[in-house]
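Throughout, a chain's letter reflects where its sequence line sits, starting with A, and its residues are numbered from 1. Computation of the quantities below employed the complete heavy-atom set of this structure, encompassing side-chain atoms and omitting hydrogens, waters and symmetry-equivalent molecules.
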2 protein chains.
Amino acid sequence: MHTSGTADAALPAVVDHAAEIRAAGLKVTAPRVAVLQGLAASPHATADQLYDSISSTLTGTSLQAVYGVLAAFTTAGLVRRIEPAGSAALFERRVGDNHHHIVCTRCHSVRDVECVTGEAPCLTPSDTAGFVVQTAEVTFWGLCPDCQADTAADIP
Amino acid sequence: MHTSGTADAALPAVVDHAAEIRAAGLKVTAPRVAVLQGLAASPHATADQLYDSISSTLTGTSLQAVYGVLAAFTTAGLVRRIEPAGSAALFERRVGDNHHHIVCTRCHSVRDVECVTGEAPCLTPSDTAGFVVQTAEVTFWGLCPDCQADTAADIP
DNA sequence: CAGTTGTTTTGAACAACTCAAAACAAGACA
DNA sequence: TGTCTTGTTTTGAGTTGTTCAAAACAACTG
């Protein structure tokens, strides 16, 4: 760790996070950098999970601070908030692209799904009932590989 | 009310609801019939809204009873539970068909959307990451006609 | 380095929902 | 028709996820 070429190159990720926060017009603080690090480690995390991963290294941080950070990031467009039925809100770094999600019906794990067939057909419902459609959100539900193996073991 | 041709034909809707409950293998009770009536009147209702519409005519009913009724109906396949981000759970009578929803980003009103282009493309994500896909849930977000008029008035 | 403004801490409150035990009623059966 | 069993509702409390508000605090500006 301490034998790297240049001091700045040693921690590129951290530097990036601070820069991203600054670029969004927000002040750079320790909880904010930590939340971005946590999201880099687990790309679909709840506020609680992020607080857990943060509180070990950044003592004195509160869960409410994490909620505040995530609210600021969401309105600033740094993170996206998704809310699959039956789970707490999840936060992810990927914003701006129209990607979707697949959720495991058994363990609630979440993975990203690119919407290649996607944009055009999915954004064109047959009858919008007079609504002006802004976005379309697709959530797939199924069994993740781990739970497939587990349920296969259950049924002899 | 008391001058109808036959006694049974006087209350067709109520009879239907009781029959539907019975057909689902559940006991017919006043709160259950009332919940189905409430859902007939407002096809996308929260437990709270249903309780409100019920408690005026059926005194002594508790909100917890409504939650219990809805849980029983959901597992029995009589109603479907949807959970748009930012709202409490909504319940609807339409089950079994693969229809979707459009939600107003301003007032949170919900309308059904048929998925005509739908089934095939929407159920075929490009890369399922090893998941076995069971269902696809599409939620459109936009402005309802009322809110279009309201926001148009706001911007001179 | 001081001032301003935005952030975090602390503590409380809230909404939606679930749980558990006792009272009760619907439908089956004698 | 009355009794029994089982499922349902009532009552009351508890949990989880999230938001609010005031005071303490720290990041960037000049």
(message) When you compare the side chain of Lys27(B) with that of Arg32(B), does any pair of heavy atoms fall below 4.5 Å?
(response) yes
(message) Rounded to the nearest 0.5 Å, what separates atom CD1 in Ile21(B) from atom CG in Leu36(B)?
(response) 4.5 Å
(message) With no hydrogens and no angle check, just 3.5 Å: does a side-chain donor-acceptor pair link Glu92(B) and His101(B)?
(response) yes
(request) Select base, sugar-phosphate, or nothing to describe what Thr29(A) touches, counting heavy atoms under 4.0 Å on all strands. (result) sugar-phosphate
(request) Calculate the interatomic distance between Leu63(B) atom CG and dT11(D) atom C1'; express it in whole Å. (result) 13 Å
(message) Angle between the end axes of the helix from dC1(C)-dG30(D) to dA30(C)-dT1(D), five pairs per end, to the nearest 10 degrees?
(response) 30°
(request) Check the distance between dA27(D)'s P and Arg32(A)'s CZ and give it to me in whole angstrom. (result) 11 Å
(request) Whole angstrom is fine here: how far is it from CZ in Arg22(B) over to C1' in dG7(D)? (result) 15 Å
Which atoms of nucleotides 2-6 of chain D (N or O only) lie under 3.5 Å from a protein N or O atom, and what are those distances?
unit_1 : atom_1 : unit_2   : atom_2 : d
dT6(D) : O2     : Lys27(B) : NZ     : 3.0

(message) So does Trp141(B) get a backbone contact from the side chain of Thr105(B), meaning a donor-acceptor N/O pair under 3.5 Å?
(response) no
(request) Pick base, sugar-phosphate or nothing for Ala72(A), based on heavy-atom distances below 4.0 Å to the nucleic acid. (result) nothing
(request) Could you tell me whether the side chain of Gln148(B) and the main chain of Leu143(B) form a donor-acceptor pair under 3.5 Å? (result) yes
(request) Could you tell me whether Arg106(A) and Asp146(A) make a salt bridge, using a distance below 4.0 angstrom between a side-chain N and a carboxylate O? (result) no
(message) Heavy atoms only, 4.0 Å cut-off, all strands: where does Ala47(B) land among base, sugar-phosphate and nothing?
(response) nothing
(request) Send over the distance from Glu83(B) CD to dG17(D) P, rounded to a whole Å. (result) 13 Å
(message) Rounding to an integer number of Å, can you tell me how far Tyr67(A) OH sits from dC20(D) P?
(response) 13 Å
(message) Measuring from atom CD of Gln49(B) to atom CG of Leu39(B), what distance do you get when rounded to the nearest 0.5 angstrom?
(response) 10.0 Å
(request) Could you tell me whether Thr46(A) contacts a base, only the sugar-phosphate backbone, or nothing, with contacts defined as non-hydrogen atoms closer than 4.0 Å? (result) nothing
(message) Between Ala89(A) and Gly25(B), which residue's closest nucleotide on DNA chain D lies nearer the 5′ terminus?
(response) Gly25(B)
(request) Specify the separation, in whole Å, of atom CG of Asp48(A) and atom P of dT19(D). (result) 13 Å
(request) Would you give the length of the straight line joining atom CG of Asp112(A) to atom CD1 of Ile82(A), rounded to the nearest 0.5 angstrom? (result) 7.5 Å
(request) Could you tell me from which nucleotide to which nucleotide of DNA chain C, 5' to 3', there is an atom under 4.0 Å from chain B heavy atoms? (result) dA16(C) to dG27(C)
(request) Verify, without hydrogens or angle tests, whether Thr59(A) (side chain) and Ser55(A) (backbone) share a donor-acceptor contact under 3.5 angstrom. (result) no
(message) I need the CD-P distance between Gln64(A) and dC25(D), as an integer number of Å.
(response) 17 Å
(message) Rounded to whole Å, how long is the line connecting atom OH of Tyr51(B) with atom C1' of dT11(D)?
(response) 12 Å
(message) Donor-acceptor pair, distance only, cut-off 3.5 Å: does the side chain of Glu83(A) make one with the backbone of Gly86(B)?
(response) yes
(message) What's the separation between atom CD in Glu114(B) and atom NE2 in His99(B), rounded to the nearest 0.5 Å?
(response) 7.0 Å
(message) As an exercise, state the distance from CZ of Arg80(A) to CZ of Phe91(A), rounded to the nearest 0.5 Å.
(response) 12.5 Å
